[in-house]
Amino acid sequence: MRIPLTHYAKREIALFGGLGLLATLVTVAACGPLWYLAAIPLAVTVWVFSFFRDPQRRVPQGERLLVSPADGHITAVETIDAPPELGVQGQALRISIFLSVFNCHLNRSPCEARVERIVYKQGRYLNALRESSAAENEQNILVLRAAAVDAPILVRQVSGAIARRIVCEAAEGDTLAAGQRFGMIKFGSRTDLVVPVTTPVDVAVRVGDRVKAGLTVLGQFT
């Protein structure tokens, strides 16, 4: 069965996949009776292809639903001071998702929304599990206006200790459908969904839950 791969990573797939297959063949030829050692570079090659997989997702229907913008597990469901990029005063709900190197790293829109603003920030590459990574790491922020409630929400793509490249295909003014792919973070990262408390959300997940982008419902606007 063919594994669908994302077009965001043609260069990495060609480079690492080609080197991995070459290393596998060289190991088989060079190791003679220890040919089974070729399983090591072969496993790495399979992992590279798996990392850049692009699975099809059946997005749940409901205009007030908020679906997960990333695969991974929930590391925080908390109230924070609204980040300045959100453009509102007061507090906001933040749902944080950690993506390990074994997760699919595509990002998807949490709901139907218009892209109002995109802010890229250079930064460090701390472990994405650390609380400080949201403020200090390299990140790309999408400020979206959710169509169902005509209110701003924020999706933050955060690099991790291994990730070194954030991809965002969306542009300011674009309209995204719920679950629509808009980019990815390569090799381990974090994704935050931030909603002002003035736009109440009935949260459906808790810390430790496993989620899938465009498939798992994080909550719904009330």
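Here the closest heavy-atom approach between residue Ile97 and residue Asp192 is recorded as N-OD1, 4.4 Å. Shortest non-hydrogen contact noted between Val197 and Leu93 is CG1-N, 4.1 Å. Residues Ala204 and Val217 approach most closely at CB-O, 3.8 Å, considering heavy atoms. Annotation for Asn140 and Cys168: closest pair ND2-CB, 3.4 Å, computed over non-hydrogen atoms. Nearest heavy-atom pair across Ser68 and Val211 is OG-CG2, 3.5 Å. Taking all atoms of both residues into account, the shortest heavy-atom contact from Leu65 to Pro60 is CD1-CB, 4.0 Å.
Linking ILVMFWY residues whenever their side-chain heavy atoms come closer than 4.5 Å, directly or via other members, leaves Ile141 and Ile166 in distinct clusters.
Pairs of residues two or more places apart, or lying in two chains, never qualify as salt bridge (Lys or Arg N to Asp or Glu O under 4.0 Å) while including a residue from residues 207-216.
A salt bridge links Asp150 and Arg145; the closest N-O separation between the charged side-chain nitrogens and carboxylate oxygens is under 4.0 Å. The pair Lys121-Glu85 meets the salt-bridge criterion, with a side-chain N (NZ, NE, NH1 or NH2) lying under 4.0 Å from an Asp/Glu carboxylate O.
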Please set out all donor-acceptor pairs under 3.5 angstrom arising from side-chain atoms of residues 13-25, sequence neighbours excluded.
{"residue": "Thr24", "atom": "OG1", "partner": "Gly20", "partner atom": "O", "Å": "2.9"}
{"residue": "Thr24", "atom": "OG1", "partner": "Leu42", "partner atom": "N", "Å": "3.3"}

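Rounding to the nearest 0.5 Å places CD of Glu169 at 12.0 Å from CE of Met184. In this structure, OG in Ser50 is found 9.0 Å from CZ in Phe102, a value given to the nearest 0.5 Å.
By the 30° and 60° cut-offs, the orientation of the rings of His105 relative to Phe51 is tilted.
Between the side chain of Gln180 and the main chain of Ala178, no donor-acceptor pair closer than 3.5 Å is present. Under a 3.5 Å cut-off, the side chain of Glu172 and the backbone N or O of Ile118 do form a donor-acceptor pair. A distance-only check finds no donor-acceptor pair linking the side chain of Asp202 to the backbone of Thr222 [under 3.5 Å].
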